[in-house]
Engineer: 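Below you will find the structure I want to go over with you.
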Amino acid sequence: MIRTASAVALLLLSLLGTGACAAEPPRFTLAWSIYVGWMPWEYAASTGILDRWADRYGIEIEVVQVNDYIESINQYTAGQFDAVTATNMDILSIAAASGVDTTALIVGDYSNGNDGVVLRAADDLDAIRGRRVHLVELSVSHYLLARALDTVGMTERDITLVNTADADMVGAWTGGGVPALVTWNPMLNEIRGLPEARVVFDSSMTPGEILDLTLVRTDVLEANPELGKALVGAWYETMELIRDTETRDEALAHMAAASGTDAAGYARQLETTYLFADAAEAVDFVTSDAPRTTMQRVAEFSFEHGLLGPMAPDAGFVGIEFADGSVWGSTANVNLRFTDEYMRMAAEGEL
């Protein structure tokens, strides 16, 4: 009888144990695309850094590479991903304008020369007047061009835009028939070394305006703060490896190979990227006036070019909330938010 009772007890414990094991942890997905500022996600995923942070908070995070950058944002907007890497302009004009409430969890970097205007055999931006300018229309290149033209008293009416895929930029230039173009790295670095190419304006002249972000659906983040903690923890652990002289070379070599270049090529891209490797610096930036000034410019450009959709009555159609809780634009349609909460936790060692 005792033996039978013991067997029943063991069976119950076994069943309970099986049930506990069967309860799977919450699972989340992050979509990313190859770009110098987002390669740390590939490194964090492939080296187990992200898994360790996810385990710490009892969740799972899958990092998915999407080869088509815009398509990654489209899929995020459609609800296929919980988080995505994107620029401030693209997340505003695609996801936020479509009604997807999104929070900028990590301000990773800004383009500090990674995007540029190139003229053929001309050293001054003024020479762009009357030229055909090849670029990916309605992209950050288009935004940079508008900012460049404004500095010399021109508008898009003074040039002719030619929509060109980013993959075709180098070939178009070497063909000899392109008088001007706007593009980003690594294409920009390749083109700047070609005959007659002159970079006459680049994003270092508009610092802090082309932001590279890691973003999460606001409802998902609010319901699962552990996701924010795990992502931010993994990101800044990876940043520490980049900053540490003992681990930097190995980390950058890995990222270079994963992005299809060599260590020297990746280093050149990093030179024109202002990386917020320190969480405290990222907090200082996101709590400054810079995001408000930039996002107002980006929203106005997006509205003028029809990127906010046919229902947008003005540039403030999408409300943008900043770290201090203030809102620019519609308070009834807040769909893009900047927060310092999780980056501040990292800066203060609270993760």
Side-chain angles (χ1 to χ4, degrees), residues 35-37 69-70 86-93 109-166 168-170 172-173 177-213 268-269 271-274 289-308 315:
Y35 178 71
V36 58
Y69 163 63
I70 294 298
T87 67
N88 51 327
M89 190 180 95
D90 293 328
I91 204 67
L92 171 68
S93 61
D109 68 85
Y110 63 76
S111 176
N112 196 36
N114 265 328
D115 302 75
V117 180
V118 183
L119 299 186
R120 188 179 295 276
D123 294 320
D124 296 316
L125 180 60
D126 288 303
I128 200 170
R129 186 184 298 273
R131 295 197 183 199
R132 288 179 293 106
V133 182
H134 292 244
L135 78 170
V136 178
E137 285 194 73
L138 308 180
S139 68
V140 291
S141 289
H142 199 156
Y143 171 78
L144 183 70
L145 175 64
R147 294 282 284 123
L149 292 171
D150 186 58
T151 66
V152 288
M154 295 187 211
T155 69
E156 291 176 36
R157 291 189 295 272
D158 295 304
I159 59 174
T160 300
L161 297 181
V162 182
N163 192 27
T164 307
D166 57 325
D168 297 333
M169 286 295 180
V170 176
W173 183 268
V178 172
L181 59 78
V182 190
T183 192
W184 56 82
N185 279 330
M187 293 80 68
L188 180 63
N189 272 342
E190 187 170 351
I191 290 169
R192 74 164 72 234
L194 297 176
E196 299 187 301
R198 308 286 189 274
V199 179
V200 295
F201 191 94
D202 66 38
S203 53
S204 68
M205 301 172 187
T206 57
E209 294 191 28
I210 300 177
L211 297 171
D212 299 313
L213 311 169
R268 283 194 297 272
Q269 293 178 47
E271 287 173 1
T272 50
T273 303
Y274 192 97
D289 292 334
R292 176 183 293 272
T293 301
T294 289
M295 291 312 301
Q296 181 173 345
R297 284 177 176 152
V298 168
E300 289 169 350
F301 171 88
S302 299
F303 174 69
E304 290 167 4
H305 291 80
L307 295 176
L308 300 183

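We count residues from 1, following the sequence as given.
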Engineer: Can a donor-acceptor pair be found, under 3.5 Å and without considering hydrogens, that links the side chain of Thr294 to the backbone of Pro291?
Structural biologist: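 Between the backbone of Pro291 and the side chain of Thr294 there is no qualifying donor-acceptor contact (under 3.5 Å).
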Engineer: For Ser204, check side chain to side chain contact (heavy atoms under 4.5 Å, CB included) against everything at least two apart and list the hits.
Structural biologist: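 For Ser204, the residues satisfying side chain to side chain contact (heavy atoms under 4.5 Å, CB included) (neighbours in sequence not counted) are Asn112, Asp202.
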Engineer: Would you mind reporting whether Phe301 and His142 have side-chain heavy atoms less than 4.5 Å apart?
Structural biologist: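 Contact flag for His142/Phe301 side chains = yes.
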Engineer: Measuring from atom CG of Leu181 to atom CG of Leu135, what distance do you get when rounded to the nearest 0.5 angstrom?
Structural biologist: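 So the gap between those two atoms works out to 9.0 Å.
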Engineer: Not counting sequence neighbours, list each pair that qualifies as a salt bridge (Lys or Arg N to Asp or Glu O under 4.0 Å) and has a residue in residues 124-137.
Structural biologist: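 For residues 124-137: Arg129-Asp158.
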Engineer: About how many Å separate CG of Leu307 and CG of Leu138, when rounded to the nearest 0.5 Å?
Structural biologist: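 The distance works out to 5.0 Å.
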Engineer: Tell me which pairs pass salt bridge (Lys or Arg N to Asp or Glu O under 4.0 Å) where either residue lies in residues 185-197, with sequence neighbours left out.
Structural biologist: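 Those involving residues 185-197 are Arg120-Glu196.
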Engineer: Measuring from Leu161:CG to Glu156:CD, what's the distance to the nearest 0.5 Å?
Structural biologist: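 Nearest 0.5 Å value for the CG-CD distance: 5.0 Å.
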Engineer: Measure across Thr164 and Val136 and return the closest heavy-atom pair with its distance rounded to 0.1 Å.
Structural biologist: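 So the minimum-distance heavy-atom pair works out to O-CG2, 3.2 Å.
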Engineer: Just jot down the salt bridge (Lys or Arg N to Asp or Glu O under 4.0 Å) partners of Asp123, sequence neighbours excluded, or say none.
Structural biologist: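 Asp123 satisfies salt bridge (Lys or Arg N to Asp or Glu O under 4.0 Å) with Arg198 only.
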Engineer: Give the minimum heavy-atom separation between Thr151 and Ala148, together with the two atoms involved.
Structural biologist: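 Taking every non-hydrogen atom into account, OG1-O, 2.5 Å.
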Engineer: Determine the sole option in Val117, Leu119, Leu188 for which the side chain to side chain contact (heavy atoms under 4.5 Å, CB included) test with Val199 is passed.
Structural biologist: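 For Val199, the side chain to side chain contact (heavy atoms under 4.5 Å, CB included) check succeeds only for Leu188.
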Engineer: Please name the pair of heavy atoms, one in Val200 and one in Ala122, separated by the smallest distance, quoted to 0.1 Å.
Structural biologist: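 Of all heavy-atom pairs spanning Val200 and Ala122, the closest is CG1-O, 3.6 Å.
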Engineer: As an exercise, state the distance from OH of Tyr35 to CG of Asp212, rounded to the nearest 0.5 Å.
Structural biologist: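 The OH atom of Tyr35 sits 4.5 Å away from the CG atom of Asp212.
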Engineer: Within the side chain of Ser141, is there an N or O that forms a donor-acceptor pair under 3.5 Å with the backbone of Ser139?
Structural biologist: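 No; zero donor-acceptor contacts below 3.5 Å.
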Engineer: Name all residues meeting the side chain to side chain contact (heavy atoms under 4.5 Å, CB included) criterion together with Thr206; count only those two or more places apart in sequence or in a different chain, and write none if there are none.
Structural biologist: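 By the side chain to side chain contact (heavy atoms under 4.5 Å, CB included) rule, Thr206 matches Leu144, Arg147, Phe201, Ser203, Glu209.
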Engineer: Give the minimum heavy-atom separation between Val36 and Gln269, together with the two atoms involved.
Structural biologist: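 Between these two residues, the closest heavy atoms are CB-OE1, 3.5 Å.
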Engineer: Would Asp90 and Tyr69 count as a side chain to side chain donor-acceptor pair (under 3.5 Å) here? Give the steps.
Structural biologist: CA-CA 10 Å; Asp90 293 328; Tyr69 163 63; 2.7 Å; yes
Engineer: Between CD1 of Ile210 and CG of Asn114, what distance do you get to the nearest 0.5 Å?
Structural biologist: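 Interatomic distance, Ile210 CD1 to Asn114 CG, rounded to 0.5 Å: 9.0 Å.
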Engineer: Quick one: do Asn185 and Thr273 satisfy side-chain contact (heavy atoms from CB on, under 4.5 Å)? Show the steps, please.
Structural biologist: CA-CA 10 Å; Asn185 279 330; Thr273 303; over 6 Å; no
Engineer: Taking the six-membered ring for Trp, is the centroid-to-centroid distance between His305 and Tyr143 below 6.0 Å?
Structural biologist: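 Not under 6.0 Å, so no.
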Engineer: Output all residues satisfying side chain to side chain contact (heavy atoms under 4.5 Å, CB included) with Gln296, sequence neighbours left out; order by chain, then residue number.
Structural biologist: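 Partners of Gln296 under the side chain to side chain contact (heavy atoms under 4.5 Å, CB included) test: Glu300, Trp328.
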Engineer: Could you grab the distance from atom CE of Met295 to atom CG of Asn88, nearest 0.5 Å is fine?
Structural biologist: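 It is 5.0 Å, given to the nearest 0.5 Å.
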Engineer: Quick check: closest heavy atoms across His134 and Val178, and the distance to 0.1 Å?
Structural biologist: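 Minimum heavy-atom contact is CD2-CG1, 3.5 Å.
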